[in-house]
**Student:** 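The structure's right below; bear with me while I get my questions together.
Excluded from the calculations below are hydrogen atoms, water molecules and symmetry mates; all remaining heavy atoms, backbone and side chain alike, are included. Since this is a predicted model, take the numbers as computed values, not measurements. Remember, it's 1-based here, ligands and their atoms both numbered in the order they're listed.
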Amino acid sequence: MLRRREKPLDLSPFTVPTHVAIIMDGNGRWAKRRGLPRQAGHRAGAENLRRIVRACVEFKIKILTIYAFSTENWGRPESEVRGLMKIFARVLDQELDELHHQGVCIHHLGDLTSVNPTLQAKVRRALELTRNNDRLVLNVAFNYGGRAEILHAVRQMLADGLVPDELTEDLFSSYLFTRGLPDPDLVIRTSGELRISNFLIWQAAYAEYYPTPALWPDFGREELYKAIVAYNERERRYGLVSDES
Ligand code: FPP
């Protein structure tokens, strides 16, 4: 549904990627440019997430994966980590009903066990409440790292007694946090950085990568539309030769 003052954006000539993954970067710089504390940037980032989820539903993207907090982010100053946890808890308190209402099914990627028990309980409640929704899967990578995910999968495979000959790429994928979901088609990174930063390193092997200079709080619905248009200009070859050659 189009909100007042929103520009109509026509996606009919384009293929909409099934699975979009986003490295939401640049909250700190957004705040700095305005002379605000970093926490204000994270708050603006959380508000933008609401806009992007709504745009994904509008554009009929089926899966959105967001990098909310990496295993490395614990190394940030304690006050910033505390501030981020507060935002995550607040978003779960204030946005869950609306997300549920929009048909969003929330999944968690990562390790919840080392997270504050109150926040853990809020996350588990969100997963339980939204588990049967099917308009948009929202994977929240929280306390997530791609290498940690792979190690976790390998440990599990060894514990299950798998023997080397049984192992296939599909079986390996089924041990990852994203089990059962298709790999991302498009990985977006905001704020102009050109790194993958330990995000979906197995799953994004053949994803199209779209870096944009927009800072995360400024990456709105129209920016997402532009990313989809750019995705349509790519030729996905999966290691094969070009159609034109
Ligand atoms: C990067 O900005 C963003 C993060 C550390 C992730 C936190 C994301 C949010 C708060 C957005 C909302 C997410 C949820 C799940 C509610 P940065 O601090 O790395 O920016 P900088 O590189 O400019 O300093």
**Student:** What part of Trp30 sits under 4.0 Å from ligand 1 if we count only heavy atoms: the side chain, the backbone, both or neither?
**Tutor:**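 Under 4.0 Å from ligand 1, Trp30 contributes no heavy atoms.
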
**Student:** Only heavy atoms of Val91, strictly under 4.0 Å: list the atoms of ligand 1 that pass.
**Tutor:**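 Contacts of ligand 1 toward Val91, numbered from 1: 16 (C).
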
**Student:** Give the atoms of ligand 1, by number and element, whose distance to some non-hydrogen atom of Leu49 is under 4.0 Å.
**Tutor:**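 Counting atoms of ligand 1 from 1, those under 4.0 Å from Leu49 are 13 (C), 14 (C), 15 (C), 16 (C).
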
**Student:** Rounded to the nearest 0.5 Å, what separates atom CZ in Arg76 from atom CG in Leu84?
**Tutor:** 7.0 Å

**Student:** Decide, yes or no, whether a salt bridge links Lys226 with Glu223 under the criterion of side-chain N to carboxylate O below 4.0 Å.
**Tutor:** yes

**Student:** Would you call the rings of Phe199 and Tyr67 parallel, tilted or perpendicular, where under 30° means parallel and over 60° means perpendicular?
**Tutor:** parallel

**Student:** Nearest protein heavy atom to atom 12 (C) of ligand 1, by residue and atom, and its distance?
**Tutor:**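 It is Ala46 CA, 3.5 Å.
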
**Student:** What residues, two or more places apart in sequence or in another chain, satisfy salt bridge (charged side-chain N to carboxylate O under 4.0 Å, His left out) together with Arg125?
**Tutor:**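 Counting only residues at least two positions away or on another chain, Arg125 forms no salt bridge (charged side-chain N to carboxylate O under 4.0 Å, His left out).
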
**Student:** State whether the side chain of Asp10 and the backbone N or O of Ser12 hold a donor-acceptor pair below 3.5 Å, judged by distance alone.
**Tutor:**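 Confirmed, Asp10 side chain pairs with Ser12 backbone.
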
**Student:** For atom 2 (O) of ligand 1, what is the closest protein heavy atom, and at what distance to 0.1 Å?
**Tutor:** Asn27 N, 3.3 Å

**Student:** Identify which of Ser197, Ala141, Gly28, Pro217 has a heavy atom lying nearest to atom 20 (O) of ligand 1.
**Tutor:**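 Among Ser197, Ala141, Gly28, Pro217, the closest heavy atom to atom 20 (O) of ligand 1 belongs to Gly28.
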
**Student:** What pairs of donor and acceptor atoms, side-chain ones from residues 34-46 against any protein atom, are under 3.5 angstrom apart with sequence neighbours left out?
**Tutor:**
unit_1	atom_1	unit_2	atom_2	d
Arg34	NH1	Trp30	O	3.0
Arg38	NE	Glu80	OE1	2.8
Arg38	NE	Glu80	OE2	3.3
Arg38	NH2	Glu80	OE2	3.1
Gln39	NE2	Gly83	O	3.0
His42	ND1	Asn27	ND2	3.0
His42	NE2	Glu80	OE2	2.8

**Student:** Given Glu95, Arg43, Arg29, His42, which has its nearest heavy atom closest to atom 23 (O) of ligand 1?
**Tutor:** Arg29

**Student:** Does at least one non-hydrogen atom of Lys32 fall below 4.0 angstrom from an atom of ligand 1?
**Tutor:**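 No; Lys32 lies far enough from ligand 1 that no heavy-atom distance drops under 4.0 Å.
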
**Student:** Of the backbone atoms (N, CA, C, O) and the side-chain heavy atoms from C-beta on, which set of Arg33 has a member under 4.0 Å from an atom of ligand 1: side chain, backbone, both, or neither?
**Tutor:** neither

**Student:** If you measure from the Lys or Arg side-chain nitrogens to the Asp or Glu carboxylate oxygens, is any gap between Glu128 and Arg124 under 4.0 Å?
**Tutor:** no

**Student:** Hey, does Arg38 come in under 3.5 Å of ligand 1, counting only N/O atoms on both sides?
**Tutor:** yes

**Student:** Hey, are Asn143 and Trp74 close enough side-chain-wise for a donor-acceptor pair under 3.5 Å?
**Tutor:**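 The answer is yes; a qualifying pair exists.
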
**Student:** Run down the list Arg76, Arg90, Met24 and name the one with the heavy atom closest to atom 17 (P) of ligand 1.
**Tutor:**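 Heavy atom nearest to atom 17 (P) of ligand 1 belongs to Arg76.
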
**Student:** Enumerate the atoms of ligand 1 whose separation from the nearest heavy atom of Phe88 is less than 4.0 angstrom.
**Tutor:** 13 (C), 14 (C), 15 (C), 16 (C)

**Student:** Counting non-hydrogen protein atoms only, what is the nearest one to atom 6 (C) of ligand 1? Give residue, atom name and distance.
**Tutor:** Ala68 O, 3.1 Å

**Student:** Using the side-chain hydrogen bond (donor to acceptor under 3.5 Å, both in side chains) rule, take Ser70 and Asn198 through it: C-alpha gap first, then chi angles, then the decisive distance, then the call.
**Tutor:** CA-CA 8 Å; Ser70 73; Asn198 204 15; over 6 Å; no

**Student:** Are Val140 and Ile188 linked, directly or through other ILVMFWY residues, by side chains that come within less than 4.5 angstrom of each other?
**Tutor:**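 Yes: a chain of side-chain contacts under 4.5 Å links Val140 to Ile188.
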
**Student:** Check each atom of ligand 1 against the heavy atoms of Gly45 and keep those under 4.0 Å away; list them by number with element.
**Tutor:**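 By the 4.0 Å cutoff, the relevant atoms are 11 (C), 12 (C).
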
**Student:** Does ligand 1 come near enough to Asp25 that some N or O of the ligand is less than 3.5 Å from an N or O of the residue?
**Tutor:** yes

